[in-house]
Amino acid sequence: MCGIVGYIGERQARPILLNCLARLEYRGYDSCGIAVAGGNLQVHKDAVRVEALKEQLPRRLEGKIGIGHTRWATHGEPSKVNAHPHGDCTGKIAVVHNGVIHNYQQLRQKLIKEGHTFTSATDTEVIPHLVEKHFDGDLEKAVAKALAEMEGSYAIAVLMDGKAELIAARKDSPLIIGIGDGENLIASDVPAVLDYTSRVIYLEDDDIAVITGEGVRVKKNGETVDRKPQRVTWSVEDAQKGGYEHFMLKEIHEQPKVIRDTIRANLYTDETAADRDISEKVGAGEILMLACGTSYHAAMVGKYVLEQLFKVPVRTELASEFGYSGQTSSQTQAIVITQSGETADALKAIKRLRSEGCPVTVITNVVSSSATRIADHVVYTMAGPEISVAATKSYTAQLMALYWMSLFSARIDLRRKDSLIMELRQLPGKVQRVLDDEETIAQHAAQIAKHDNVFFIGRGINYPVALEGALKLKEISYIHAEGYAAGELKHGPFALLNGKAPVVAIVAPDNNYEAMLTNIKEVKARSSPVLALVEEGDEVVAEVADSVIVVPKVDPLFSPVVNAVVLQLLAYYAAKERGCPIDFPRNLAKSVTVE
Ligand code: G6P
């Protein structure tokens with residue numbers, strides 16, 4: 001969602017801010033802006049992409065200190081006036097903000113009565129006015145007083161004309177400081193600063209940092225705290241396209257490596273605390289898995305995996321729905337899956353689980369993300385930065401974490417366990433074979449792209465894969481797509497089968513095979529074209545379906561990996577055929593930090 005950047009140092013801030021903002025584009029945004037101080041404060045913003053803002057900027061925009069923002073509208077439409085940075089009445093203060101200020105209406109009314117004038121519909125605009133109100137020469141103190149009046153979540157960067165410092169603060173919204181040589185940066189996300197440094201301070205809730213070109217001082221509740229810089233292992237190349245046309249395609253192609261890295265990491269770390277905890281305690285109770293979006297589909301696959309390997313009941317719930325129901329007991333072990341570690345609904349669910357005494361293991365891809373700070377245990381996935389809004393390699397990495405977690409303590413026959421571990425090691429090669437078949441999949445995608453409605457069906461462990469296939473297609477190609485448990489098709493969607501809505505059927509050679517075959521025949525009887533994903537060697541389905549995509553032979557337990565990769569490519573090439581902005585689909589954000 002919204003992205004924050006800031007720069008202070010010896011170089012001109014403008015190109016650095018624009019470059020950092022471009023690196024944050026993947027989070028999803030509808031407007032952007034920068035403020036640069038150098039003699040006077042200049043703010044330039046609009047409801048445009050970063051590239052277009054760059055073109056609009058005046059030739060002379062000099063200054064070695066500045067802040068920038070990409071906005072994803074929540075309060076007020078995407079427009080020039082609502083874009084950040086926002087300012088005060090004097091025109092000397094500029095603020096960029098991520099998060100939501102719940103009491104902004106009251107604050108705004110109060111400030112208006114005190115003579116402040118507002119120009120935007122945003123909640124953010126109260127911040128510069130509060131800072132102006134409290135400023136008596138000390139910017140840090142003024143910011144601290146402003147924050148004390150605010151309720152809600154925030155990550156902010158504050159710039160004041162004439163001050164050789166930036167102020168950064170966070171509460172329930174991520175913010176990092178990139179430590180450079182004679183220069184420092186602020187960002188809401190690590191990839192923004194990778195071109196300049198790999199040393200990063202992760203701010204914690206209620207931290208207020210004063211940043212100059214020479215150093216960083218952090219205070220929490222008025223006391224100075226020591227926040228040590230950490231070295232990030234993600235490289236600039238990791239966060240760049242590396243010759244691929246889109247980040248999504250690059251990330252799809254990285255999946256064999258992601259699987260290999262996960263296996264390698266887990267081989268050497270032996271048993272993690274999280275694995276132990278789950279295997280020790282789970283016997284008595286149930287596992288509850290919570291997540292949103294693609295991570296939820298990984299959780300749904302996880303349910304089948306854990307139930308088969310652990311022999312315990314597993315429940316999955318959407319994190320966004322958990323607040324309204326969802327029972328827990330003293331024996332509930334929770335697993336929350338969140339790629340970003342910042343999804344507001346996932347964080348809320350973790351807090352509730354903890355307050356009810358449930359131990360929470362978080363599976364995430366982002367070191368020191370908010371979820372890692374409030375969980376009991378953390379399992380890191382090995383996906384590297386995922387830039388494309390549509391999740392691909394993070395899904396596979398989540399599945400790998402779940403496979404490994406459950407295989408380690410699996411309550412199954414030893415021979416079966418060994419054979420699964422062996423299969424798992426062969427998975428990178430199998431996924432590579434799917435990728436090698438890219439051209440064939442692209443041809444099928446060109447056919448899919450001609451339609452406005454597509455159904456995906458699967459059963460058992462491949463039911464969530466059908467949901468994920470539909471989600472991928474609708475996210476990036478804007479084709480209306482529905483995922484269904486194959487047995488449910490005749491309870492409604494059949495009414496829509498008219499020859500114009502193709503059905504993508506995922507057929508694995510498991511105990512659902514015969515039922516899937518019957519479902520395909522039912523669809524064919526209603527004249528809808530069927531594209532089936534089948535395992536190599538299967539000749540039966542090809543006789544019934546209109547066309548097939550052949551996937552390598554894997555144990556059915558691992559079929560959600562190879563099948564999902566096919567569906568990712570199908571969605572990618574359908575979106576490409578339709579000329580869609582694949583990496584940054586309209587209205588979507590990579591990290592959804594509002595409920
Ligand atoms: C957004 C992203 C999805 C992602 C979902 C959950 O909607 O666009 O790709 O699956 O959030 O994100 P999380 O970071 O919690 O896995």
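Whatever order the structure lists them in is the order used to number ligands and atoms, beginning at 1.
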Protein contact to [atom] [nearest heavy atom, distance to 0.1 Å]:
atom: atom 15 (O) of ligand 1; result: T343 OG1, 2.5 Å
atom: atom 4 (C) of ligand 1; result: T294 N, 4.2 Å
atom: atom 1 (C) of ligand 1; result: A589 O, 3.4 Å
atom: atom 14 (O) of ligand 1; result: S340 OG, 2.6 Å
atom: atom 6 (C) of ligand 1; result: C292 O, 3.4 Å
atom: atom 7 (O) of ligand 1; result: V592 CG2, 3.8 Å

Does a side-chain N-to-carboxylate-O contact under 4.0 Å join [X] and [Y]?
X: D172; Y: K351; answer: yes
X: E317; Y: R315; answer: yes
X: D376; Y: R354; answer: yes

Subject >> Member of Q255, E254, E251 meeting the side chain to side chain donor-acceptor pair (under 3.5 Å) criterion with K393 >> reply: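 That would be E254.
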**OP:** May I ask whether A346 places a heavy atom under 4.0 Å from ligand 1?
**Re:**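 In this structure, A346 fails to qualify as a contact of ligand 1 - no heavy atom is under 4.0 Å.
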Original post:
Is there a heavy atom in V389 that sits closer than 4.0 Å to ligand 1?
Top reply: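 Yes; V389 lies near enough to ligand 1 that a heavy-atom distance drops under 4.0 Å.
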Original post:
side-chain hydrogen bond (donor to acceptor under 3.5 Å, both in side chains): which pairs involve residues 569-581, sequence neighbours left out?
Top reply: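 The answer is E245-K576, H246-Y572, E438-Y573, D452-R578.
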Where ligand 1 meets [X] - atom numbers and elements under 4.0 angstrom, heavy-atom basis:
X: S295; value: 10 (O), 13 (P), 16 (O)
X: K590; value: 1 (C), 2 (C), 11 (O)
X: A391; value: 9 (O)

Original post:
E488: what forms a salt bridge (Lys or Arg N to Asp or Glu O under 4.0 Å) with it, not counting sequence neighbours?
Top reply: none
Original post:
Is K303 atom NZ crowded by more than 12 heavy atoms from other residues, nucleotides or ligands, each under 6.0 Å away?
Top reply: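 Counting other residues, nucleotides and ligands, NZ of K303 exceeds 12 neighbours.
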Original post:
Got a sec: does the NZ of K474 have more than 12 other heavy atoms crowding it under 6.0 Å?
Top reply: yes
Original post:
Under 3.5 Å between some N or O of ligand 1 and some N or O of Q398?
Top reply: no
